[in-house]
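Here's the structure we're looking at; comments come further down.
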Amino acid sequence: MEKIKPVRVRFAPSPTGRLHLGGGRTALYNYLLAKKTGGMFILRIEDTDQKRYVASAEKEIIDGLHWLGIDWQEGPDVGGDYGPYRQTDKKALYRQYAEQLIEQGDAYYCFCSSERLAEMKQAQQKRKEFPHYDGRCRDLPLEEARKRIEAGEKYVIRFKTPKEGTTTVRDLVRGEITVENRTIDDYIIVKSDGWALYHLAAMVDDHMMKISHVIRGSEWIPTLPLHHLIIRAFGWDEPEWVHLSLFLKPDGKGKLSKRESAELMKDGYSIFLTDFIELGYLPEAVTNWIALMGWSYDDHTEIFTLDELVNAFSVDHLNPAPAAINFTKLDHFNGVHIRRLTIEDLAARVKPFFEKAGIDADDAALLKIAPIIQERMVTLDEAVSLAGFFFRDEVNPKAEDLIQKGLTAGQCAEIAEKSYAVLEKLPAIGVEVGEPEMRALVAELGLKPAQVFGVLRVAVTGQRVSPPLFESMEIIGKETVLARIKKAVEILRSNA
RNA sequence: GCCUCCAUCGUCUAGGGGACUAGGACGCAACCCUUUCAAGGUUAAAACGGGAGUUCGAAUCUCCCUGGAGGUGCCA
């Protein structure tokens, strides 16, 4: 196996909202590459946009990442040697770098008002030109600009992109990306409020934090040449660029957006990472699922733990094509990972869902129930609908459920009564003692097993679909089982 | 509109000029197992967007078209 150099990578979300699936995957891949190469994974908060800042977002991002099992060696919460890790703590620093660019002639002050800019843009659109700054302030003498600033005029700082030739940047998943320089706008890098924009701040940070690989979403490809030009203007080393494919809506039409998320929640899905907790998904499953969208290992391996992912991960198996997310596949992964859990683990993970449903489920019982519901669950919350009857004092079966196909209420009542008689004589009810006796009864009555056991199942569990009957009865205990059968008989009689 | 990226079953994908009769997974269908529901097992249906070219040979390389996506903010 080839020896890979330790990387320094970063996940740099902006705290403007909730962490979604795409962000989670970007963070995951960064983490995976760092772990795999014995490198460093850094969390950086890009909060220079004061207007869109959401106070709770940083915590949500951290919680979501931790839930997936991702941790970092440097970040706003854990510190590190290359901080600060929050961009709002570095305003003056970005400013200083912007000034350097101006001194070098790679950037300039621009005094154009937003009104003029808007008009200009409109005119350009009319002429079917690509929208770009027309360069009015581009060649303003620096002295004059400084005087205007002293006089109190408002200004921004723009990067001076070359207007001739082409720029080529190499992306590790797509190869070379070439654009004509005239199509790269003179982007604003410092706003009139003095704050640096992403294009400047992120490049400064990546350089100062010695980032070796920038793994980010492909929505950054259009500005990649700009970033390349900025780095080159400073004379810095360029990181390796890795642009990840986008996540598309399940129908493949357009990228994920918040609009649809409310709709999704109704179906038990979400695009926000932390929602999956209450939806009953395992972090193992979500990780496995998102890891396999845009990346693959070989032509048949699909089930991975986080550690296995670390081992298997490689940037050259990244796929440039956008991927439509597929929630039914998530369901599949969740089922697989639930079945991989130990009984103790499953019991512990299912417990909060019982609590939320107002059911006081004790650990001992949970441990007994876990094995018989394990292979029947897709999501953890289903444990409640599947096994709630174990904990309820009473069960209220519906007559229509009690009555089996091809039988009358009276016949079913009789089945229940005869079953009661058989079970009553037993010292206890379970798979060993109980099932043989009941099978004998089935033969004696000349009925199908499904009919007899069907009556019993609904009587004891209150539902048509349940975990295995005799295992269930064993856990419930003889006394309760008999009481429930008795009640079922009453229900059937009154419906006869 | 303009710029850029992308293109294999419905979806996620394997594929790197001959090993392709295009493989796996989800989902779907059938069957087996079965007291329900699952899980499991077996099987089936299902794709190289179109056209040129390069080559003895193209899903793989090139070009064009088409389609899709992203960007086009004093957001990130």
Side-chain angles (χ1 to χ4, degrees), chain A residues 12-17 46-49 51-52 110 112 114 117 121 124-132 154-158 171 174 177-180 182-185 187-195 197-199 201-202 216-225 243 245-246 248 250-255 289 292-303 317 319-333 335-336 339 373-378 382 386 404 435 438-439 442 448-458 461 463-470:
Chain A
S14 90
T16 52
E46 310 218 322
D47 53 356
T48 55
D49 187 352
K51 278 191 286 255
R52 295 199 310 151
C110 172
C112 297
S114 359
L117 261 21
K121 195 172 152 187
Q124 285 168 344
Q125 261 168 3
K126 231 180 221 167
R127 278 177 269 134
K128 298 196 171 175
E129 289 173 3
F130 58 92
H132 65 288
K154 282 212 139 205
Y155 67 95
V156 299
I157 298 175
R158 288 181 184 273
D171 169 70
R174 279 157 251 263
I177 295 170
T178 301
V179 295
E180 287 188 56
R182 60 174 189 87
T183 66
I184 310 173
D185 203 358
Y187 282 88
I188 293 171
I189 53 176
V190 173
K191 294 186 273 186
S192 56
D193 64 6
W195 282 102
L197 252 11
Y198 177 92
H199 306 122
R216 53 157 33 170
S218 63
E219 65 269 24
W220 291 110
I221 289 179
T223 46
L224 176 58
H243 290 91
S245 65
L246 256 17
L248 267 26
D251 63 6
K253 293 183 180 13
K255 64 171 180 176
W289 179 53
L292 255 30
M293 283 191 282
W295 174 83
S296 60
Y297 178 64
D298 59 17
D299 64 350
H300 65 279
T301 316
E302 298 228 285
I303 304 301
H317 276 89
N319 187 159
I325 57 169
N326 180 186
F327 289 110
T328 49
K329 190 128 188 181
L330 200 218
D331 284 338
H332 170 253
F333 279 127
V336 168
R339 274 168 252 132
I373 60 172
Q374 186 166 34
E375 67 191 27
R376 274 159 250 271
M377 286 194 284
V378 170
E382 287 174 354
L386 216 47
Q404 299 302 300
E435 179 155 3
M438 280 303 299
R439 287 206 180 269
V442 169
K448 288 187 203 147
Q451 296 174 313
V452 176
F453 294 135
V455 173
L456 218 46
R457 160 169 288 109
V458 177
T461 69
Q463 43 196 283
R464 290 200 143 200
V465 173
S466 83
L469 222 206
F470 288 93

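Quick note on labels: first sequence line is chain A, next is B, and so on, each numbered from 1. Just so you know, these numbers use all the heavy atoms, side chains as well, and skip hydrogens, waters and symmetry mates. Quick caveat: nothing in here was measured; it's all calculated off a predicted structure.
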- Kindly say if His332(A) contacts the phosphate of C26(B), meaning a side-chain N or O under 4.0 Å from OP1 or OP2. yes

- Message: Strictly distance-based, threshold 3.5 Å: is any side-chain N or O of Trp289(A) a donor or acceptor partner for the main-chain N or O of Asn326(A)?
- Response: yes

- Item | Nearest-angstrom distance, C1' atom, G71(B) to A46(B) | 35 Å

- Task: Would you kindly check whether a donor in the side chain of Arg457(A) faces an acceptor in the base of U35(B), or vice versa, at under 3.5 angstrom?
- Result: yes

- Message: Measuring to OP1 and OP2 of G40(B), would you say a side-chain N or O of Arg339(A) lies under 4.0 angstrom away?
- Response: yes

- side-chain N/O Lys329(A) vs U13(B) OP1/OP2, d < 4.0 Å: no

- Task: Rounded off to whole Å, could you give me the CG-to-P distance for the Asp185(A) and U72(B) pair?
- Result: 11 Å

- Searching all strands shown, indicate the nucleotide that pairs with A25(B) (Watson-Crick or G-U wobble; both distances under 3.5 Å). U11(B)

- Query: Tell me: CG of Asp298(A) to P of G16(B), nearest whole Å?
  - Reply: 14 Å

- Partner of C5(B) by Watson-Crick or G-U wobble geometry, both contacts under 3.5 Å, or none? G68(B)

- Assign Phe333(A) to base, sugar-phosphate, or nothing according to its heavy-atom contacts below 4.0 angstrom with the strands shown. nothing

- Message: So, does Lys126(A) get its side chain near the phosphate of G1(B), meaning an N or O under 4.0 Å from OP1 or OP2?
- Response: no

- Item | Whole-Å gap separating P (C6(B)) and CH2 (Trp220(A)) | 19 Å

- Task: Examine the base of C37(B) for any acceptor or donor lying under 3.5 Å from a partner atom in the side chain of Arg376(A), and report the outcome as yes or no.
- Result: yes

- Item | Donor-acceptor pair present, Lys253(A) side chain and A69(B) base, under 3.5 Å | no

- What nucleic acid atoms does Gly335(A) come within less than 4.0 Å of, heavy atoms only: base, sugar-phosphate, or nothing? nothing

- Message: With a 4.0 Å limit, can you tell me whether Arg174(A) has a side-chain N or O closer than that to the phosphate oxygens OP1/OP2 of C6(B)?
- Response: no

- Query: If only side-chain N and O atoms of Asn319(A) are considered, is one of them under 4.0 Å from the OP1 or OP2 phosphate oxygen of C6(B)?
  - Reply: no

- Taking side chain as C-beta onward, heavy atoms only, is Glu302(A) less than 4.5 Å from His332(A)? no

- Pairing partner (Watson-Crick or G-U wobble, both distances under 3.5 angstrom) of C63(B): G51(B)

- Query: Taking any strand in view, what nucleotide pairs with U36(B) in a Watson-Crick or G-U wobble way, both distances under 3.5 Å?
  - Reply: none

- Message: By the 4.0 Å heavy-atom rule, please label Pro322(A) as base, sugar-phosphate, or nothing.
- Response: sugar-phosphate

- Message: Quick one: does any side-chain atom of Thr301(A) pair with a main-chain N or O of Asp298(A) as donor and acceptor, under 3.5 Å?
- Response: no

- Item | Donor-acceptor contact below 3.5 Å, side chain Glu46(A) vs main chain Ala202(A) | no

- Message: Any non-hydrogen side-chain atom of Asp171(A) less than 4.5 Å from a side-chain atom of Ile221(A)?
- Response: no

- Message: Please determine whether a side-chain nitrogen or oxygen atom of Thr328(A) lies at a distance below 4.0 Å from atom OP1 or OP2 of G27(B).
- Response: no

- Message: Is Lys51(A) close enough to C74(B) that one of its side-chain N or O atoms is under 4.0 Å from OP1 or OP2 there?
- Response: no

- Message: Would you say CZ of Phe327(A) has more than 12 non-hydrogen atoms from neighbouring residues, nucleotides or ligands within 6.0 angstrom?
- Response: yes

- Message: Does A76(B) have its OP1 or OP2 closer than 4.0 Å to a side-chain nitrogen or oxygen of Thr48(A)?
- Response: yes

- Message: Given the structure, check if the side chain of Ser218(A) and the base of C5(B) hold any donor-acceptor pair shorter than 3.5 Å.
- Response: no

